[in-house]
Amino acid sequence: MPLLQTPGPAPDFATHAVVNGNIGHIGLKDYQGEKYVCLVFYPMDFVYAESITPFSNRVEEFSKVNCAVLAMSTDSVYSHKAFVKASRADGGLEGKCKIPLLADRSGKISKKYGVFDAEEGIARKALVIIDDRGTARHMVASSLPVDKVIDDTLKVIQTFQSKSLGSGAGGDVQPSNFPIIKSKHSLVAKHVTKEKWEKLKNIKTKTSGFTLYKAIAVSVEFDNQHCGIYAGDWDSYKDFAIVFDPLIQEYHGILPSATHTSDMDSTKIKGNVASDVPVHSCRIRVGRSIDGFGLSPGITKEQRVGVEKLMVEAVKSFPKDLAGSYYPLTGMNETVRQQLVDDHFLFVSGDRNLTVAGMERDWPEGRGIFHNEKKTFLIWVNEEDQLRIISMENGGNVKGVFERLCNGIKMVGESVKKECGKDFCLDKKYGYVHSCPTNLGTGMRASVHIDLPGWTKHSVDKLKARCEELHLQPRGTRGESGGQTGHTYDISNKHRLGYSEVQLVQKMIDGVNTLWKEDQEFQKKLNM
């Protein structure tokens, strides 16, 4: 199998890895626009420690030239983890490994790079230099001493970087050229024009060094996006406004002059879901982002850990009805993990969109879950948003669920302000700032699971049309793309931006009561 031809596009990859002794997830796109990557292939754990140790010992030298070192073999992450922990006498690294070890269990990535030995089922020793634009610039399979290979590699990287600075380009295949947008029918394809690209392509945001290329990565990688863009920080919405503004206005159906008003006063809610409505459960969630920290696609490792530390302190001051425990994903023991899975509280890695958008970098560090003792109030820390704050309970007491949410958000905001002097990111035009522009405004999804047998028998399509009239959104209880089973529906507010939180919750309450009255009429007409 011939080695990958260079220069040329580096085959993309995203896989599980052992990072600082913990199992996480790493993709090539985590580094694009930021760093060079030195990708080191080695045959197997335990036998080839001498291929890893020199790179680990000299990782600071690579850092000085803004290059990350990644090592990959066809071993599993569990083998990697044991390899890192094992003693030198047993062929291990004695816990001393400063570089991520990536798992290519199927050999798929090794095959893409032309280093897979099909007879042995392992990767041959090789090294690839990939620039910060995703171009494979240099590849070598060498039997020279590893330190000699490292010396040569550092020189080659510095040479490429000096040429890139001198010419203003890093090669023919690079994001400085207008990118190929695979999602041709997305809002990105419409609003990221060549003219706008030329104006914005070299801008890096102040908070997290985010770029337009990173923002639209999912539309470049996939062909199924509708919106297709993420913000790496609050700055992104300002620095790339000529893209974001018209895109947001089209998606949310607002005017350029529109402003957003937030209202988290639960006492303004009138009435509640009627007691006879067959509601199984209610759930309201919002997102929040702390000013001065990047959003998940762009947040730095240090910022992510900083957000987590603020949340660890914040939950300590919660009153009795909100008090509970914080569970960091890093180092989580199996008993806790299984309980969170059983409770359907745990969020996990592996979502392709989030991975390509850069939200799963350094997984699982800086991430965790809080819930109160009654399991009616949750906070997800550093998932798609810095904070996902959730209030829920069985039954149809929507007003009570909203009241708990409002109190919890208030407590978190006050604690953050006390600890670091920062507020939540609240934009006059776009409301609460989120990584995905579809969630701007309230970032709220208020939903109930409700039985609607009459509507189901009458017409599911007409139910969808009726929900549209009521500014509601019906889904199957398996989620947005999980399909419909039986006559139980997830009914939620349709809008995020342009309405206050109180207005959206009120619309949901009133709409659910209306749907149930109509459902009873259909049951009578259809002799159910």
Side-chain angles (χ1 to χ4, degrees), residues 2-15 17 19 26-42 48 50-73 97-102 104 109-110 112-115 123-177 201-202 204 209-211 213-214 217 300-301 358 361-362:
L3 293 176
L4 178 74
Q5 291 294 309
T6 57
D12 190 31
F13 59 82
T15 185
V19 186
I26 284 179
L28 181 59
K29 281 190 168 60
D30 295 345
Y31 303 93
Q32 286 187 9
E34 287 187 0
K35 294 183 178 182
Y36 271 58
V37 170
C38 176
L39 179 59
V40 180
F41 289 95
Y42 67 102
Y48 287 88
E50 78 279 359
S51 296
I52 303 302
T53 300
F55 281 97
S56 177
N57 290 342
R58 298 180 64 178
V59 71
E60 286 80 10
E61 294 179 56
F62 283 91
S63 295
K64 288 179 181 177
V65 294
N66 197 34
C67 180
V69 181
L70 309 177
M72 181 181 292
S73 76
C97 187
K98 298 178 182 179
I99 61 175
L101 302 183
L102 281 65
D104 181 25
I109 303 169
S110 302
K112 289 181 179 179
Y113 282 84
V115 299
R124 301 194 306 270
K125 291 171 69 174
L127 180 149
V128 192
I129 299 173
I130 303 168
D131 70 16
D132 56 352
R133 303 298 190 181
T135 303
R137 304 296 301 275
H138 178 73
M139 187 167 187
V140 61
S142 175
S143 59
L144 291 172
V146 178
D147 276 312
K148 170 62 175 170
V149 172
I150 292 174
D151 289 340
D152 292 344
T153 300
L154 289 167
K155 290 177 183 177
V156 170
I157 291 171
Q158 289 173 308
T159 299
F160 284 143
Q161 290 175 341
S162 63
K163 287 182 178 179
S164 176
L165 288 171
S167 65
D172 293 331
V173 186
Q174 57 177 322
S176 61
N177 295 327
K201 66 181 182 182
N202 295 319
K204 286 190 175 184
F210 207 64
T211 64
Y213 182 72
K214 291 181 183 179
T300 66
K301 183 177 180 180
R361 291 166 296 127
D362 309 308

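Quick caveat: nothing in here was measured; it's all calculated off a predicted structure.
Note that CG of Asp30 is 7.5 Å distant from CG of Asp362, once rounded to the nearest 0.5 Å. Atoms CD1 and CG, from Ile130 and Leu39 in turn, are 5.5 Å apart once rounded to the nearest 0.5 Å. Considering CZ of Phe210 and CD of Glu34, their distance stands at 9.0 Å, rounded to 0.5 Å. Taking OH of Tyr36 as the reference point, atom OG1 of Thr135 lies at 8.5 Å (rounded to 0.5 Å). From Ile109, atom CD1 reaches atom CG of Asp12 across 9.0 Å, with rounding to the nearest 0.5 Å. From Thr300, atom OG1 reaches atom CZ of Arg361 across 8.0 Å, with rounding to the nearest 0.5 Å.
For the pair Met139 and Ala126, the tightest heavy-atom approach, listed with the atom from each and the gap, is CE-CB, 4.2 Å. Across all non-hydrogen atoms, the minimal contact from Ile26 to Pro100 is CD1-CB, 3.4 Å. The nearest pair of heavy atoms linking Ala71 to Ile52 is CB-CD1, 3.6 Å. Residue Pro11 comes nearest to Leu28 through the heavy atom pair O-CD2, 3.8 Å, listed as atom of the first residue, atom of the second, then distance. In plain terms, the two heavy atoms of Ser110 and Asp104 that are nearest each other are OG-OD2, 2.6 Å. Shown here for Lys125 and Ser51, the closest heavy-atom pair between the two residues is CE-OG, 3.7 Å.
No side-chain heavy atom of Tyr31 sits less than 4.5 Å from a side-chain heavy atom of Asp132. Looking only at side-chain heavy atoms (C-beta outward), Thr211 and Gln32 stay at 4.5 Å or farther from each other. Taking 4.5 Å as the limit, every side-chain heavy atom of Phe160 sits out of range of all side-chain heavy atoms of Asp131. You'll find the side chain of Tyr48 stays beyond 4.5 Å of the side chain of Ser73, heavy atoms only. Side chains of Val65 and Leu154 form a contact here, defined as non-hydrogen atoms less than 4.5 Å apart.
The backbone N or O of Phe41 sits nowhere less than 3.5 Å from a side-chain atom of Arg124 that would complete a donor-acceptor pair.
Between Phe13 and Tyr113, the ring-plane angle classifies as perpendicular under the 30° and 60° cut-offs.
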Could you walk me through whether Asp147 and Arg58 satisfy the side chain to side chain contact (heavy atoms under 4.5 Å, CB included) test, starting with their C-alpha distance in whole Å, then the side-chain angles of each, then the deciding distance to 0.1 Å, before giving a yes or no?
CA-CA 9 Å; Asp147 276 312; Arg58 298 180 64 178; 3.2 Å; yes

Carefully, step by step, assess Lys155 and Asp151 under the rule salt bridge (charged side-chain N to carboxylate O under 4.0 Å, His left out).
CA-CA 6 Å; Lys155 290 177 183 177; Asp151 289 340; over 6 Å; no

Worked check of side chain to side chain contact (heavy atoms under 4.5 Å, CB included) between Ile129 and Thr153
CA-CA 8 Å; Ile129 299 173; Thr153 300; 3.8 Å; yes

